[in-house]
Amino acid sequence: LDKGCFQLSNSTRILNNGSYLYLNLYLFAHKEHLKPERLIVFCEDATDTAAIEQSMVQAANENSIKLDYLATARDYIDKILNSINDILLVTTGSGTIKKVNKSTQILFGYTESELIGKPISMITADEELLRQVSQLPAEIKNEFWHQVKVVCTTKKGSKLTVAFSCSTIETSIESKHSHNKTIQDFVYVGRDITEEQRTKKRQAAQYAVARIMSESGSLESATPKIMQAICESLCWDIGELWTPVDEKHTKCDAEDTRDRVPFLFAVPDSKVEDIPFLLRVGVWRRGTEVGEFVENCQQITLEPGAGLPGIVWNTGYPQWITDLLKDRNFVRSHLASKAGLRSAFGFPIRASGQVVGVMTFFCREKQPSDEELLQMMAAIGSQLGQFVKRKYAEQELQEAEASLRFLYEQEKQQSEKLAQQNLALEQTKLELESANQALHRLASVDGLNHIANRRCFDKTLQSEWQRMAREKKPVSL
């Protein structure tokens, strides 16, 4: 006995019919003054309570087994989802993220806790497009919207292009107290195609430049088209062309400078200063947002080695600026800030082993350095340099042909003039011979009876006398 009482729970007895009887026994010690101690026993039928408890324990055990199974199945599914290289996003109908896999966390730089419960709009602004495509009929989606390409933003602010396949799943939740409820979720399985898109853009720019150089007849017509093609293919906003000029040209006004610069590029194989002044002679822009930057830099001249064009000229290699506002050597950072320009790159135009010009490009979105793009631009710079060299050679050839044609025309004119003079001289000679013959007749023939006169007789006698003397023969009259 413990403090005068004792309890025995669920004492079991088997009845004649084979059923179980459960009893709870309660024992109490009772003692009165001057009387012997007594033991009081209470019996409680606990059969129903024991049956309920056993059912509850069994149900709890079954639920525990189910929970363990569900946890195991969930871990198995999570391992499968995390082993997939493609990203996975599951959202509610309102766009709240419910599930992500490891690839999603790695691609966007967020942890799972930072994404779960957050709107998908923190990743992409095209949430509505994804939702609409998810709800399209399967036959239309498979034919026209197999994948949806949207721009996504990482935690660090970088822009990525992701191709999503979109679908919906419906889950029915059963309830004993209300009608069954159906929940619709959106499933987005995506693949990062940023590098593929960049490759396509680079190829498009390269093809466009090659086509322009093959179709253009002059440097003046090809240069703005090339800057436009590069900007439109790569989705950049401004393209500039810089060419070296003498220091004296930097002191001229805009109009005078434009008149004094005869060519867009330095002439190949000509002597150029190692670090020349650079004049912007061409520009192309996309949109009006960057108009102030273009207009304020009109006919701008950079000091030797200054700015992005100067660095490209000095090094002879392409250069990339990820953040213009933090680059100390970029002399137009205040203008770039007003226009919202963030990144830039430039490449040299090389011909015959020397730099003859520089092209620079600017973008309003922050762009990470792209080494493959710089290598491609270096190749384009060499191709453009060969194009420049060929055009200058064609120009020199045209000038030589024009000079030869001029000399030929002059020679032809002089020959024609000389022929006319020879013809006039022959005519004069014939006229003189005719006049001499007429004078001879007048001097030798009598004008009245047309008989040879005494002068003719004396001349004929003298001639015959000399002839007979040579032949030693007599002469008779």
Side-chain angles (χ1 to χ4, degrees), residues 219-220 223-224 226-227 230-231 236-268 270-285 290-351 354-364 367 369 374 377-378 380-381 384-385 388:
L219 295 174
E220 290 76 9
T223 303
I226 290 175
M227 292 188 292
I230 293 176
C231 286
W236 285 59
D237 298 288
I238 297 177
E240 297 178 328
L241 172 63
W242 299 82
T243 188
V245 293
D246 295 335
E247 183 177 1
K248 61 182 180 180
H249 289 156
T250 64
K251 301 177 182 179
C252 306
D253 57 23
E255 293 297 329
D256 190 35
T257 302
R258 189 180 295 110
D259 294 338
R260 287 174 178 265
V261 181
F263 304 111
L264 287 176
F265 300 92
V267 180
S270 63
K271 185 178 180 180
V272 180
E273 297 181 14
D274 293 337
I275 308 178
F277 287 85
L278 293 176
L279 173 68
R280 192 180 75 175
V281 295
V283 63
W284 185 90
R285 70 180 183 185
V290 295
E292 185 176 357
F293 179 84
V294 173
E295 294 170 0
N296 289 335
C297 300
Q298 194 74 13
Q299 292 297 325
I300 187 174
T301 304
L302 295 179
E303 296 289 330
L308 178 59
I311 296 177
V312 174
W313 184 280
N314 290 350
T315 61
Y317 294 98
Q319 301 293 326
W320 191 286
I321 301 178
T322 302
D323 193 341
L324 292 172
L325 305 183
K326 295 181 180 179
D327 191 90
R328 296 182 178 180
N329 195 47
F330 189 70
V331 296
R332 297 177 289 167
S333 57
H334 62 291
L335 296 175
S337 177
K338 290 182 179 179
L341 299 175
R342 297 298 304 276
S343 299
F345 74 88
F347 63 91
I349 300 171
R350 308 179 69 93
Q354 72 180 69
V355 180
V356 297
V358 174
M359 277 192 176
T360 56
F361 295 87
F362 299 87
C363 184
R364 300 182 74 239
Q367 301 286 348
S369 179
L374 291 181
M377 288 301 163
I380 289 179
L384 186 55
V388 171

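Taking 4.5 Å as the limit, every side-chain heavy atom of Arg280 sits out of range of all side-chain heavy atoms of Leu241. Contact check for Val331 versus Glu303: no side-chain heavy atoms found under the 4.5 Å cut-off. At a threshold of 4.5 Å between non-hydrogen side-chain atoms, the residues Ile321 and Ser343 do not count as touching. Contact of the Ile380 side chain with the Met359 side chain is not registered, since no non-hydrogen atoms from C-beta on lie closer than 4.5 Å.
Here Thr360 pairs with Glu240, Trp242, Leu308, Pro309, Val358, Phe362 under the side-chain contact (heavy atoms from CB on, under 4.5 Å) rule; sequence neighbours left out. Applying the side-chain hydrogen bond (donor to acceptor under 3.5 Å, both in side chains) test to Gln319 and every residue at least two apart in sequence or in another chain returns Thr315.
Interatomic distance, CE of Met377 versus CG of Leu374, reported as 8.5 Å (0.5 Å rounding). Separation of atoms CD1 (Ile238) and SG (Cys231) is listed at 8.0 Å; rounding is to 0.5 Å. One distance of note links CG of Leu325 with OG of Ser333; it measures 7.0 Å at 0.5 Å rounding. Here the straight-line distance linking atom OG1 of Thr301 with atom CG of Leu278 works out to 9.0 Å at 0.5 Å rounding. Between the CG atom of Asp323 and the CZ atom of Arg342 there is a distance of 5.0 Å, given to the nearest 0.5 Å. If you take OG1 on Thr223 and CH2 on Trp284, they are separated by 15.0 Å, rounding to the nearest 0.5 Å.
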(Q) What verdict does the side chain to side chain contact (heavy atoms under 4.5 Å, CB included) test give for Arg350 and Val356, after you've listed the backbone C-alpha separation in whole Å, the side-chain angles of each residue and the deciding distance to 0.1 Å? (A) CA-CA 6 Å; Arg350 308 179 69 93; Val356 297; over 6 Å; no

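Residues Gly357 and Trp313 come closest through the heavy atom pair N-CZ3, 3.8 Å. Across all their heavy atoms, Ala336 and Phe293 have their closest contact at N-CD1, 3.8 Å. Closest non-hydrogen pair, Gly316 versus Pro348, comes out as O-CG, 3.4 Å. Nearest heavy-atom pair across Ser369 and Thr322 is N-OG1, 4.0 Å.
Ring planes of Phe347 and Phe361: parallel class, angle under 30° (limits at 30 and 60°). In this structure, Phe345 and Trp320 have parallel ring planes: the angle between them is below the 30° cut-off, well short of the 60° mark.
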